[in-house]
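To find a chain, count down the sequence lines: A is the first, B the second, and so on, and within it residues start at 1.
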Amino acid sequence: MINITLPDASVRQFEAGVSSMDVAKSISEGLARKVLAAKVNGQVWDASRPINTDASLQLLTWDDTDGKSTFWHSSAHLMAEAVESMFPGVKFWVGPPLDNGFYYDMDLGDRKITEEDLAALEKKMHELARQNNVYIRKEVSKADAVQYFTEKGDEYKLDLLQNLEDGNITFYTQGQFTDLCRGPHIPATGSIKAIKLTNIAGAYWKGDEKNKQLTRLYGVTFPAQKELDAYLLMLEEAKKRDHRKLGKELGIFTMDEDVGPGLIMWMPNGTVIIEELEKLAKETEEEGGYKRVVTPHIAKESMYLTSGHLPYYADSMYPPMELDGEKYYLKAMNCPHHHKIFAAEPRSYRDLPLRIAEYGTVYRYEQSGELFGLMRVRCLHMNDAHIYCSKEQFKQEFMAVNDMYLKYFKIFGVDKYVMRLSLHSPEKLGVKYVNQPELWKETEEMVRNVLIESKIPYVEVQDEAAFYGPKIDVQIYSVIGREFTLATNQVDFSQGRSFKLHYTTQENTSETPIIIHRAPLGTHERFIGFLLEHYAGKLPVWLAPLQVKILPISDKFIDYATTVKATLRKLGVRTEVDDRSEKIGKKIREAELSRVPYMLVVGEKEMNEGKVSVRRQGKGDMGMISIDVFAGDIKNEIANRIAG
RNA sequence: GCCACUUUAGCUCAGCUGGUAGAGCAACUGAUUUGUAAUCAGUAGGUCGUUGGUUCGAUUCCGACAAGUGGCUCCA
């Protein structure tokens, strides 16, 4: 007999060789039907796999993340079975679960899957699911596995096998489909009830663009149709707050084929948001001891050779223009210009830390396939600044930058983000990163310590550093789930040397400053794209392009409306009057749809009493108050940048 | 850049297997003077992304290019 410890700490005894499914059945049939897999001593196992020793056991269902992953992984196998039946001879690479579904990469040879095939594939998957085929696990020797896939002619699985150890190789079979797979899987295909193949895409083999491109088929499945329906509804809701859709509806920005891809034109409404953000940044930076500078959009090649950008970054820069035998580049970053400002005067330790800031316009020649609404563009306005400091000052300065982020995030109510400590990859020294192994080690340690000391939760990721040093990136997700770096805080131990920057120390020696590159508000483009989605277009009053719309009940009250407008305008409140001969219901509807935070309805009563009827966007009628009270309230709301 | 898809009026979208186009909203004109999410009537608006080809004839079929979109690679 063995002891099985359940999550509630209760211990039950079973014969050795009992499966998780048997344990589930002993608890209740209903539970057994829901079990997808089990966590045995912390490892996710097939529910049918025998347990031979004392163990802790957690039964996994659809409600567990690991249960969902197993379900989707098994769904990927089901999809592969359907694909193989329709496209005999297809070769498979890998088919992992995702946060929301799964994919499988495959080589279809000369054939291709079209969108019309998806419906047929879904139908086939349903058919195979209904057969309720059991997922059978089988341990195989490496020799047998190699033989199997050699006969099948599948070089991709053979490639996977190369890196696997003999004695540690398993096959899974369901129905007619056998795959090399470490598992685990759900008991049988029957629990996959709702199936949606979402899209077809290309994906480079092993993620390397030099390799062959495989076909990647994405899908998502659920144990019940209503869950799929809910998921699809959620996707539709998400699309409604997509910044590209909102940006068009609200007149924030536009793009034009004749201007060029990834080049944003900010319309008047968008420009108001930009100006408010810059005002916030200027105030905050002034408090933080920053000085503002302005630099040109172009510079000579020699500067980018000095900075070291050209070897690492040339592909992302617009090609140079030649003038008088000199090459000029559009700047892709502001740092070299700022370094020249540092170098323009002799600096002493008394000048440090020197913090210079600029909302710099930079141009990056992003690959055409990468462009995405406002989130990924070719002309961007960075909330940029560079801090030149001594090694001793570094920690305090770096922490102050982190504090600035957190201050901003509080104002905007940003809470869904991941702080990422982005480190270099030693094997790419000299290729993607400056070749200074010791400095990398030292600086990464410095940054990590700041995070630990500030008690900021973070994740560490390799191979995401800037070429000149490690950084902290703030990762956010667009409504369609794409990940972006919103803000960044970077350490640079390299450019100070390449620009021969130095300052005189107290001991009259010469030192090179450490440089911090930071952009807590990222770029206007990405930040505003993010804000539109974050607020679903309902910007807080201080950011709203139009803050108050006055809606006269009829033409007779336009004069009164105009005096109300003048009062508010005097206080700097962005106000308009809807003076069309429309019914009040229509004026309200359109004002609501354009997300004006405050609507003031004025008619007979209001005019006679010198009042306004306040309607808050999304909240409805708030009642009648005097103009002065309303003006005082909104002024306060704007001045304090109150959210929502 | 690579794989796939999309492109019809200002916007959202119809237009079956080839016979040069329609709706709603917006715009404009007129009537209406309205009390918290769409008043009524009329008018105007499109070389169907661009460009080659097939065809008696192309918005429709095929190719190239451009832009956009979903991914991959890359990145704020």
Side-chain angles (χ1 to χ4, degrees), chain A residues 103 105 108 112-115 198-218 242 244-245 248-249 255-262 313 315-316 332-333 362 364-377 380-384 422 432 464 466 471 473-476 480-488 490 517-527 529-530 551-558 580-593 599-606 613-624:
Chain A
Y103 68 79
D105 281 350
L108 291 154
K112 63 179 182 182
I113 291 183
T114 65
E115 277 171 34
T198 46
N199 70 68
I200 310 160
Y204 299 109
W205 184 44
K206 295 185 177 179
D208 187 334
E209 64 181 325
K210 289 193 238 8
N211 284 342
K212 178 168 183 176
Q213 195 157 49
L214 305 176
T215 300
R216 177 172 294 180
L217 205 51
Y218 285 86
D242 188 310
R244 293 165 295 184
K245 186 172 159 66
K248 179 172 260 177
E249 283 172 5
M255 291 191 259
D256 190 280
E257 211 174 302
D258 283 338
V259 175
Y313 216 85
D315 287 348
S316 299
M333 62 293 298
V362 301
R364 295 184 180 178
Y365 188 71
E366 302 289 353
Q367 297 183 65
S368 58
E370 286 313 316
L371 302 173
F372 174 66
L374 285 176
M375 299 293 205
R376 192 79 184 270
V377 296
L380 25 318
H381 298 82
M382 286 187 82
N383 171 228
D384 215 353
S422 300
K432 190 174 167 184
E464 291 288 345
K471 54 182 182 162
D473 292 319
V474 182
Q475 301 303 107
I476 52 109
I480 62 166
R482 248 193 249 184
E483 182 178 351
F484 288 100
T485 300
L486 187 68
T488 184
Q490 318 181 341
H517 303 235
R518 42 111 281 180
L521 294 177
T523 66
H524 281 324
E525 286 74 17
R526 191 171 287 177
F527 202 78
F530 167 76
L551 312 176
I553 294 288
S554 82
D555 292 356
K556 285 184 271 185
F557 311 106
I558 290 178
R580 297 171 307 164
S581 302
E582 291 290 351
K583 295 178 78 167
I584 191 67
K586 178 155 187 171
K587 293 182 184 178
I588 286 171
R589 178 180 157 80
E590 290 185 6
E592 285 278 350
L593 289 175
M599 287 151 274
L600 300 182
V601 176
V602 296
E604 187 90 39
K605 280 179 292 182
E606 289 79 4
S613 283
V614 180
R615 183 185 170 99
R616 188 75 166 90
Q617 201 278 344
K619 292 192 180 134
D621 195 353
M622 313 292 278
M624 197 162 78

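A donor-acceptor contact under 3.5 angstrom links the side-chain atoms of A:E366 to the base of B:rA76. No hydrogens or angles were tested; on distance alone, a donor-acceptor pair under 3.5 Å links the side chain of A:Y204 to the base of B:rG1.
Nucleic acid contact for A:L371: sugar-phosphate only, since backbone atoms but no base atoms lie under 4.0 Å from a heavy atom of the residue. At a threshold of 4.0 angstrom between heavy atoms, the contacts of A:K471 are confined to the sugar-phosphate backbone, with no base atom among them. A:A203 comes within 4.0 angstrom of sugar-phosphate atoms only, judged by non-hydrogen atoms across all strands, and of no base. Among the protein residues, A:G623 comes within range of no part of the nucleic acid, since none of its heavy atoms lies under 4.0 Å from any strand. Within the nucleic acid shown, A:R518 has no heavy atom closer than 4.0 Å to any nucleic acid atom. A:V377 comes within 4.0 angstrom of a nucleotide base, judged by non-hydrogen atoms across all strands. Residue contacts for A:L214: at a heavy-atom cut-off of 4.0 Å it reaches no nucleic acid atom on any strand shown. Nucleic acid contact for A:R216: sugar-phosphate only, since backbone atoms but no base atoms lie under 4.0 Å from a heavy atom of the residue. A:G262 comes within 4.0 angstrom of the backbone, heavy atoms only, and of no base. Within 4.0 Å of A:F484, counting heavy atoms only, lies no atom of the nucleic acid at all. A:F372 comes within 4.0 angstrom of the backbone, heavy atoms only, and of no base.
When only modelled atom types and interatomic distance are considered, A:Q475 and A:T485 share a side-chain donor-acceptor pair under 3.5 Å.
For B:rC74, neither phosphate oxygen OP1 nor OP2 lies less than 4.0 angstrom from any side-chain nitrogen or oxygen of A:R376. Taking 4.0 angstrom as the limit, A:R580 places none of its side-chain polar atoms (N or O) nearer than this to OP1 or OP2 of B:rU34. For the OP1/OP2 pair of B:rA26 and a distance below 4.0 Å, the side-chain nitrogens and oxygens of A:K248 include no atom meeting the criterion. Taking only side-chain nitrogens and oxygens, A:R244 never comes nearer than 4.0 Å to OP1 or OP2 of B:rA67. Between B:rU34 and A:K556, a contact under 4.0 Å exists linking OP1 or OP2 to a side-chain N or O.
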What string of B, S and - do you get for nucleotides 35-51 of chain B, 5' to 3', if B is base contact, S is sugar-phosphate-only contact and - is no contact with any protein heavy atom under 4.0 Å?
-> BBBBB------------

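In the set B:rG1, B:rA67, B:rC2, the nucleotide with an atom closest to the side chain of A:P261 is B:rA67.
Remark: the backbone N or O of A:G618 is paired with a side-chain donor or acceptor of A:E592 at under 3.5 angstrom.
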For RNA chain B, produce a single dot-bracket line, 5' to 3'. Pairs: Watson-Crick or G-U wobble, both distances under 3.5 Å. Symbols: ( ) within strand, [ ] crossing, | other strand, . unpaired.
-> (((((((..((((.....[..)))).(((((.......))))).....(((((..]....))))))))))))....

Could you go step by step and tell me if A:R244 and A:D242 meet the salt bridge (Lys or Arg N to Asp or Glu O under 4.0 Å) rule?
-> CA-CA 5 Å; A:R244 293 165 295 184; A:D242 188 310; 2.5 Å; yes

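Spacing between atom NZ of A:K210 and atom P of B:rC74 amounts to 10 Å, rounded to whole angstrom units.
Annotation: A:F372 is in aromatic contact with A:F484 [ring centroid separation under 6.0 Å].
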